[in-house]
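Starting from 1, each residue takes its place in the sequence as its number. This is a predicted model, so every value here is computed, not measured.
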Amino acid sequence: ELPPKVKNILLLDSEGKRVAAKYYTDDWPTNTAKQAFERTVFTKTQKTNARTEVEVIALENNIIVYKFVQDLHFFVTGGEEENELILASVLEGLFDAVNLLLRGNVDKREALDNLDLIFLCFDEIIDGGIVLETDANVIAAKAGINSADPNAPLSEQTISQAFATAREHFARSLLK
């Protein structure tokens, strides 16, 4: 049995414009093809109310799971043979990790200000289309640690970053 594969992760704004996207297959070989797919996905889903539950749609031989928050639309695409529950767990993991890293302020402005963290989340969840991790706490911790400025004041760090910093200082004090 092949491991579950994700074809892309899309983060679009409330007008269907790309905020962040990562493609893992050659199904959309050009940027034009990617943009056309993103427009189609947005158009087909914008009338739904995916604010409480993850919704599922079949489109062009793909299964797409999606969820909206404020002015952001999160999408995860898999092939029609993929298990939608696995795709949904990828989406929930991404959604919850972004929510943790943005401290609950999940909107377009915060997302654009923290694109590096969002792309780190993508990388912690998926590698070459293969699902690595769906636990939001693990994803957020790894993405946060990868991007953490060790010299940032503690008030600007996430809890996991603060613990990592504290551990480092403690370890250093033991070595003195």
Side-chain angles (χ1 to χ4, degrees), residues 4-80 82-134 136 139-140 142-144 146-147 156 158:
K5 281 200 113 134
V6 168
K7 291 186 175 189
N8 62 45
I9 297 178
L10 309 174
L11 187 49
L12 306 179
D13 71 10
S14 55
E15 278 143 32
K17 303 266 183 295
R18 183 189 298 178
V19 175
K22 196 133 187 201
Y23 286 80
Y24 303 100
T25 66
D26 296 327
D27 292 25
W28 304 275
T30 64
N31 204 39
T32 308
K34 290 175 176 140
Q35 287 172 330
F37 177 74
E38 290 164 25
R39 266 194 308 279
T40 304
V41 168
F42 179 77
T43 307
K44 293 267 191 242
T45 58
Q46 66 175 353
K47 301 261 187 294
T48 57
N49 183 17
R51 294 195 181 274
T52 47
E53 296 290 315
V54 170
E55 300 276 340
V56 181
I57 184 176
L59 180 68
E60 299 170 3
N61 303 324
N62 296 301
I63 294 172
I64 303 166
V65 294
Y66 58 99
K67 189 169 181 176
F68 306 156
V69 63
Q70 305 214 57
D71 55 357
L72 288 177
H73 296 199
F74 290 74
F75 301 90
V76 173
T77 305
E80 59 191 341
E82 290 304 337
N83 181 331
E84 60 193 54
L85 293 175
I86 291 174
L87 296 175
S89 69
V90 169
L91 178 71
E92 290 283 11
L94 170 66
F95 186 87
D96 293 343
V98 168
N99 193 34
L100 284 168
L101 289 165
L102 300 185
R103 294 175 194 76
N105 299 324
V106 183
D107 62 30
K108 181 181 177 181
R109 198 179 54 81
E110 279 295 312
L112 289 171
D113 287 348
N114 294 281
L115 268 183
D116 55 331
L117 287 177
I118 289 171
F119 280 111
L120 284 167
C121 284
F122 288 4
D123 293 343
E124 292 300 335
I125 299 168
I126 307 285
D127 183 24
I130 306 279
V131 178
L132 300 179
E133 182 60 70
T134 59
I139 297 160
K142 285 186 176 168
N146 287 342
S147 71
E156 290 175 14
T158 62

**Asked** Any sub-3.5 Å donor-acceptor pair from D107's side-chain atoms to E110's backbone N or O?
**Response** yes
**Request:** Tell me, please, which residues at least two apart from F95 pass ring pair (Phe, Tyr, Trp, His ring centres under 6.0 Å).
**Result:** F74
**Asked** Salt bridge between D123 and K22, side-chain N to carboxylate O under 4.0 Å?
**Response** yes
**Prompt:** Do you know the tightest heavy-atom contact between L117 and G144?
**Reply:** CD2-CA, 4.5 Å
**Request:** Using the side chain to side chain contact (heavy atoms under 4.5 Å, CB included) rule, take R18 and K34 through it: C-alpha gap first, then chi angles, then the decisive distance, then the call.
**Result:** CA-CA 10 Å; R18 183 189 298 178; K34 290 175 176 140; 3.7 Å; yes
**Request:** Work out which heavy atom in L132 is nearest to a heavy atom in E124; give both atom names and the distance.
**Result:** CB-O, 3.7 Å
**Prompt:** Just wondering, do Y24 and I9 contact through their side chains at under 4.5 Å, heavy atoms?
**Reply:** yes
**Prompt:** Out of curiosity, N8 CG to D27 CG, how far, rounded to the nearest 0.5 Å?
**Reply:** 8.5 Å
**Request:** For this output row, return yes or no: ring centroids of H73 and F42 closer than 6.0 angstrom.
**Result:** yes
**Asked** If you draw a 6.0 Å radius around NZ in K44, do more than 12 non-hydrogen atoms from other residues or ligands fall strictly inside?
**Response** no
**Item:** Partner residues of Y23 under the side-chain hydrogen bond (donor to acceptor under 3.5 Å, both in side chains) criterion, sequence neighbours left out
**Value:** E38
**Message:** What's the separation between atom CD in E60 and atom OG1 in T40, rounded to the nearest 0.5 Å?
**Reply:** 5.5 Å
**Item:** Interatomic distance, L59 atom CG to F75 atom CZ [nearest 0.5 angstrom]
**Value:** 10.5 Å
**Prompt:** Where do V54 and A88 come nearest, in terms of heavy atoms and distance?
**Reply:** CG1-CB, 4.2 Å
**Prompt:** CG of D26: more than 12 outside heavy atoms within 6.0 angstrom?
**Reply:** no
**Prompt:** Quick one: side-chain hydrogen bond (donor to acceptor under 3.5 Å, both in side chains) partners of S14, sequence neighbours excluded?
**Reply:** none
**Prompt:** Rounded to the nearest 0.5 Å, what separation is found between the CG atom of L94 and the CD1 atom of I125?
**Reply:** 4.5 Å
**Request:** Apply the side-chain contact (heavy atoms from CB on, under 4.5 Å) test between V6 and each candidate in T25, L87, I86, T77; give the one that qualifies.
**Result:** L87
**Message:** For K7 versus N62, what's the shortest heavy-atom pair and its separation?
**Reply:** NZ-OD1, 2.8 Å
**Item:** Residues in side-chain hydrogen bond (donor to acceptor under 3.5 Å, both in side chains) contact with E84, at least two apart in sequence or another chain
**Value:** none
**Fill in**
Value for CD1 (I139) from OG1 (T134), rounded to nearest 0.5 Å, stands at 6.5 Å
**Item:** Nearest heavy-atom neighbours spanning D96 and A136
**Value:** CB-CB, 3.3 Å
**Request:** Could I get the full list of side-chain hydrogen bond (donor to acceptor under 3.5 Å, both in side chains) partners for K108, not counting sequence neighbours?
**Result:** D13
**Fill in**
Correct closest heavy-atom pair for F68 and T45 would be CZ-O, 3.5 Å
**Prompt:** With under 30° as parallel and over 60° as perpendicular, where do the rings of F122 and F119 fit, or are they tilted in between?
**Reply:** perpendicular
**Prompt:** Between V41 and Y66, is a side chain to side chain contact (heavy atoms under 4.5 Å, CB included) present by the stated rule, with each step listed?
**Reply:** CA-CA 10 Å; V41 168; Y66 58 99; over 6 Å; no
**Fill in**
In this structure, SG of C121 is separated from CG of D116 (nearest 0.5 Å) by 10.0 Å
**Asked** Where do L12 and K17 land on the side chain to side chain contact (heavy atoms under 4.5 Å, CB included) test, with the steps shown first?
**Response** CA-CA 5 Å; L12 306 179; K17 303 266 183 295; over 6 Å; no
**Prompt:** Does N83 use its side chain to pair, donor to acceptor, with the backbone of L85 at less than 3.5 Å?
**Reply:** yes
**Request:** Just jot down the side chain to side chain contact (heavy atoms under 4.5 Å, CB included) partners of A111, sequence neighbours excluded, or say none.
**Result:** V19, L72, I118
